[in-house]
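Heads up, the thing below is written out as structure tokens.
The structure displayed is predicted, hence computed values, not measured ones.
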Amino acid sequence: MVEVLSGPDGMEQADALALGDSEPSPSPSQSGAVPGSVVPAWCEGLVVAVLSPEYQRIMTVLTAAEGALSCKELAAGLGVEPVAAKVEGVRSKANRLVRQGWLVKELSGRFALRTGVRGGGS
């Protein structure tokens with residue numbers, strides 16, 4: 001039985017090896033942040049630079065804030081139009097950061113950096 005692994009570019013590693021590559025190409029997690037990539041789970045020592053640029057911007061806005069921000073305030077800080085669809089896109093990204101441990105969401109629905117996370121980015 002042959003196990004086939006698909007890489008992030010859709011090319012299977014077996015195909016890459018068959019085409020003469022001695023080793024499969026590194027995944028995005030090995031080579032740094034890639035726009036649209038999966039948000040890694042936060043752990044002590046992990047830096048914001050591992051996040052894709054759009055998530056780094058969210059972290060930068062929250063770092064500059066004096067406290068937790070509502071989704072509308074976060075969207076305004078990002079320069080996003082204050083229309084429902086755009087704000088909901090920011091909310092989705094912020095909630096993903098919450099699930100992965102980068103942010104905390106207060107009972108009021110406001111977002112803040114998790115204790116121990118150092119903000120900022122590119």
Side-chain angles (χ1 to χ4, degrees):
M1 177 162 67
V2 175
E3 182 177 354
V4 177
L5 304 174
S6 179
D9 61 356
M11 181 179 212
E12 295 176 348
Q13 290 180 2
D15 290 343
L17 293 173
L19 293 173
D21 291 347
S22 59
E23 290 190 26
S25 59
S27 68
S29 62
Q30 294 170 329
S31 61
V34 175
S37 63
V38 176
V39 176
W42 181 81
C43 62
E44 190 66 39
L46 199 57
V47 296
V48 172
V50 302
L51 298 172
S52 62
E54 61 266 21
Y55 290 98
Q56 288 182 31
R57 289 183 58 221
I58 291 171
M59 300 297 287
T60 300
V61 169
L62 285 167
T63 299
E66 293 185 20
L69 297 177
S70 70
C71 193
K72 284 184 181 181
E73 293 166 336
L74 184 55
L78 293 168
V80 173
E81 290 180 63
V83 296
K86 301 283 185 176
V87 173
E88 288 306 313
V90 172
R91 186 183 319 278
S92 174
K93 286 179 173 63
N95 280 321
R96 188 168 296 120
L97 288 167
V98 169
R99 285 192 304 274
Q100 295 302 94
W102 291 87
L103 302 179
V104 292
K105 188 174 183 179
E106 298 177 349
L107 292 176
S108 64
R110 297 171 74 83
F111 296 95
L113 294 177
R114 173 190 174 123
T115 303
V117 173
R118 290 189 173 81
S122 59

**Prompt:** For the residue pair V117 and L113, what are the closest heavy atoms and their distance?
**Reply:**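 That would be O-CD1, 4.2 Å.
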
**Asked** Which pair of heavy atoms, one from W42 and one from G116, lies closest together, and at what distance?
**Response**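 It is CZ2-O, 3.6 Å.
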
**Request:** Report the residues that fulfil side-chain contact (heavy atoms from CB on, under 4.5 Å) with V90, sequence neighbours left out, ordered by chain and then residue number.
**Result:**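 V90: side-chain contact (heavy atoms from CB on, under 4.5 Å) contacts with C71, L74, A75, L78, V80.
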
Mind listing the side-chain donor-acceptor pairs of residues 101-109 below 3.5 Å, one per line with the distance, residues two or more places apart or on another chain?
residue, atom, partner, partner atom, Å
W102, NE1, P40, O, 2.7
K105, NZ, N95, OD1, 3.2

**Message:** Do V48 and T63 have side chains that approach each other closer than 4.5 Å (heavy atoms only, starting at C-beta)?
**Reply:** no

**Asked** Is the shortest heavy-atom distance from the side chain of M59 to the side chain of L97 under 4.5 Å?
**Response** yes

**Prompt:** Say you draw a straight line from CD of Q100 to SG of C43; how long is it, rounded to the nearest 0.5 Å?
**Reply:** 11.0 Å

**Request:** Mind checking the CD1-CG spacing from I58 to L69? Nearest 0.5 Å is all I need.
**Result:** 11.0 Å

**Fill in**
Residue pairs passing the salt bridge (charged side-chain N to carboxylate O under 4.0 Å, His left out) test with at least one member in residues 63-75, sequence neighbours excluded, are E73-R110

Show me the donor-acceptor pairs, under 3.5 Å and distance only, between side chains in residues 81-89 and residues at least two apart or in other chains.
residue, atom, partner, partner atom, Å
E88, OE1, R91, NE, 3.1
E88, OE2, R91, NE, 3.1
E88, OE2, R91, NH2, 3.2

**Asked** Can you name the residues that form a side-chain hydrogen bond (donor to acceptor under 3.5 Å, both in side chains) with K93, not counting sequence neighbours?
**Response** none

**Request:** Using the test side-chain hydrogen bond (donor to acceptor under 3.5 Å, both in side chains), find all partners of R96 that sit at least two apart in sequence or belong to another chain.
**Result:**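 Once residues adjacent in sequence are excluded, the partners of R96 under the side-chain hydrogen bond (donor to acceptor under 3.5 Å, both in side chains) criterion are Y55.
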
